[in-house]
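In what follows, every heavy atom counts, from backbone to side chain, and hydrogens, waters and symmetry copies are set aside. Labels below follow one simple rule: chain letters A, B, ... track the order of the sequence lines, proteins then strands, and each chain is numbered from 1.
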2 protein chains.
Amino acid sequence: MPTKVLIVEDDGNIAELLHLYLEKEGFETQVAKDGGKGVELFRSFQPDLVLLDIMLPVMDGWTVLKKIRETDKTPVIMLTAKGETEDKVSGLEQGADDYIVKPFEMKEVLARIHAVLRRTGGEEEPQEKKLSFDKLVINLDSYELLVNGQRVDTPPKELELLYHLASSPNRVFTRNQLLDEVWGFDYFGDSRTVDVHIKRLREKLEGVSDQWRLKTVWGVGYKFELGPSA
Amino acid sequence: MPTKVLIVEDDGNIAELLHLYLEKEGFETQVAKDGGKGVELFRSFQPDLVLLDIMLPVMDGWTVLKKIRETDKTPVIMLTAKGETEDKVSGLEQGADDYIVKPFEMKEVLARIHAVLRRTGGEEEPQEKKLSFDKLVINLDSYELLVNGQRVDTPPKELELLYHLASSPNRVFTRNQLLDEVWGFDYFGDSRTVDVHIKRLREKLEGVSDQWRLKTVWGVGYKFELGPSA
DNA sequence: GGCTTGGGTGAATAATTTGTGAATTAGGGG
DNA sequence: CCCCTAATTCACAAATTATTCACCCAAGCC
């Protein structure tokens with residue numbers, strides 16, 4: 001079953017962004033736009049974790065947190081605007097589990113959600129992000145690329161792209177899919193960007209093995225192709 | 001989950017014997033009958049320990065060991081016939097963890113497996129907070145840093161940071177992870193702080209060994225990298 | 001109270017990666 | 001075989017990120 005996250009946030013844009021992003025990451029989410037609805041939804045939705053804004057209509061975040069803590073110890077991450085940071089200590093004292101300062105990046109939110117879930121025991125350790133093929137090791141834990149056992153210096157975006165392609169061998173990804181999935185759905189950029197990264201990867205991987213290759217599927221996109229070359 | 005053992009051995013009788021005996025003892029085992037299959041199975045099965053014969057068809061034990069060591073530090077116990085014992089030293093030098101001479105008793109094998117697992121941390125053991133690498137000892141019990149056996153005065157935060165990084169060699173930590181895990185999740189501070197501590201550590205550790213280093217992973221974070229420098 | 005040391009901050013500087021435009025080459029359909 | 005579209009490539013600009021320096025604050029210690 002997916003992990004359930006309740007988002008209590010009155011700013012529609014932020015709420016929507018969190019909603020979309022977390023759904024994409026495999027969470028089940030619900031949004032409440034004020035503190036009162038937040039408490040209601042908490043009771044009915046029974047989330048595994050709560051993202052809670054401090055400044056809210058009807059009932060502020062502190063009060064919501066207090067209500068939640070009367071009955072549950074569900075992890076809560078507070079969202080706060082810059083400058084309210086002095087509230088941090090009191091927030092943690094009142095039972096919040098972590099704190100994120102706006103504006104935040106989605107990656108950051110995700111990392112903290114995982115950190116809190118791990119800390120509170122709601123999540124099992126993820127397995128290592130490592131892929132091996134003939135003469136090739138792609139390791140996203142150490143961010144290194146090994147070709148014939150030799151480290152090859154590779155920038156993060158390139159490595160993430162390669163990892164993404166290689167984690168579904170033979171599957172074709174369109175440029176826009178890759179942009180969405182590697183760069184993030186909120187990235188707006190030319191799809192030629194992908195081509196350039198593919199090129200730089202090909203330079204590093206040229207002639208290493210005939211058991212796999214980065215193949216262009218004309219008119220569609222790219223794939224990491226496995227098997228002996230034709 | 002049971003401990004996984006990969007058996008690479010071409011003699012069917014011995015392989016079968018090891019297989020049966022270890023399964024009975026609660027291990028999960030897989031058997032490869034030649035070196036090539038051994039390497040393949042190693043990648044897919046991802047064992048916790050390998051029993052590796054030296055004399056093998058297709059690819060000999062030394063080569064298999066080398067391939068394994070390119071990417072993993074999984075413990076390996078070499079199996080050798082009587083008379084090949086002069087290989088022992090070179091075997092251990094090449095990264096084998098132990099050595100068993102045929103013919104052997106099953107009890108002997110079991111004892112050595114447990115010993116190696118204990119030694120390499122694959123099995124529970126009360127552990128002191130001490131890490132050693134080439135020319136470097138990090139001791140969090142005494143809060144001491146030893147470089148070439150010499151004590152180097154190091155403030156607590158720096159030492160904790162180094163210890164944390166070095167306790168998961170090669171794994172990349174983001175600045176926020178480090179702030180969470182070393183400074184505490186309730187610490188609120190700039191992530192430049194991490195940079196400064198890294199710098200101070202680097203000053204202390206500069207040029208000590210080429211077997212490890214504090215490496216920046218651009219766009220991601222830092223890691224304690226093991227292995228000869230590229 | 002003054003002094004020393006560890007820890008943290010902000011800003012200037014340096015280093016790299018990443019993205020883009022334009023020119024070039026290759027592919028596929030008619 | 002030609003044309004149009006897509007892909008590749010290059011060089012460069014821009015954005016991002018890391019390093020470093022100088023300095024401040026606070027705690028612990030004479």
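Checked for salt-bridge contact, A:Lys33 and A:Asp11 miss the test: no charged N lies under 4.0 Å from a carboxylate O.
Note that the OG1 atom of B:Thr74 and the CG atom of B:Asp48 stand 8.0 Å from one another [nearest 0.5 Å]. A distance of 11.5 Å separates CZ in A:Phe133 from CZ in B:Arg43, rounded to the nearest 0.5 Å. To the nearest 0.5 angstrom, A:Arg112 atom CZ is 8.0 Å from A:Ile77 atom CD1.
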With the criterion being N/O to N/O and under 3.5 Å, what pairs connect the protein with nucleotides 24-30 of chain C, and how long is each?
unit_1	atom_1	unit_2	atom_2	d
C:dG27	O4'	A:Trp218	NE1	3.2

Would you tabulate the pairs of protein nitrogen or oxygen atoms and nucleotide nitrogen or oxygen atoms of nucleotides 8-10 of chain D closer than 3.5 angstrom?
unit_1	atom_1	unit_2	atom_2	d
D:dT8	OP1	A:Arg202	NH1	2.9
D:dT8	OP1	A:Thr216	OG1	2.5
D:dT8	OP2	A:Tyr222	OH	2.4
D:dC10	OP2	A:Lys199	NZ	3.1

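For the pair A:Glu158 CD and D:dT16 C1', the computed distance is 16 Å after rounding to whole Å. Atom NZ in A:Lys223 sits roughly 14 Å away from atom P in D:dA7 (whole-Å rounding). B:Lys215 places its NZ atom 17 Å from the P atom of C:dA15, with the value rounded to the nearest Å. We find that CG of A:Leu161 is positioned 13 Å from C1' of C:dT18, with the value rounded to whole Å. Across the protein-nucleic acid pair, A:Tyr187 atom OH and D:dT16 atom P stand 10 Å apart, rounded to whole Å. Per the geometry, CD belonging to A:Glu160 stands 12 Å off C1' belonging to C:dT18, to the nearest Å. Residue B:Lys157 contributes atom NZ, which lies 17 Å from atom P of D:dA26 at whole-angstrom precision. A straight line from CG of A:Leu159 to P of C:dT17 spans 12 Å, rounded to a whole angstrom.
B:Phe224 and B:Trp212 have parallel rings, their planes meeting at less than 30° on a 0 to 90° scale where 60° marks the start of perpendicular.
Between A:Trp183 and C:dG19 there is a side-chain polar atom (N or O) within less than 4.0 angstrom of OP1 or OP2. Contact annotation: A:Thr193 side-chain N/O to C:dT18 OP1/OP2 distance is not under 4.0 Å.
Note that A:Lys4 lies outside the cation-pi zone of A:Phe27, set by a 6.0 Å cut-off to the ring centre and a 45° limit from the axis.
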Margin query: Applying side chain to side chain donor-acceptor pair (under 3.5 Å) to A:Ser209 and A:Asp134, what does each step give before you reach the verdict?
Written below: CA-CA 7 Å; A:Ser209 166; A:Asp134 180 46; 2.7 Å; yes
Show which side-chain atoms of residues 145-157 of chain B pair as donor or acceptor with protein atoms under 3.5 Å away, not counting sequence neighbours.
unit_1	atom_1	unit_2	atom_2	d
B:Arg151	NE	B:Glu144	OE2	3.2
B:Thr154	OG1	B:Val152	O	2.9

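Applying the 3.5 Å distance criterion, the base of C:dG8 shares a donor-acceptor pair with the side chain of B:Arg200.
Heavy-atom neighbours of B:Lys204 NZ from other residues, nucleotides or ligands within 6.0 Å: above the threshold of 12.
Where B:His197 and A:His197 each meet DNA chain C at their nearest nucleotide, the meeting point lying more 5' is that of B:His197.
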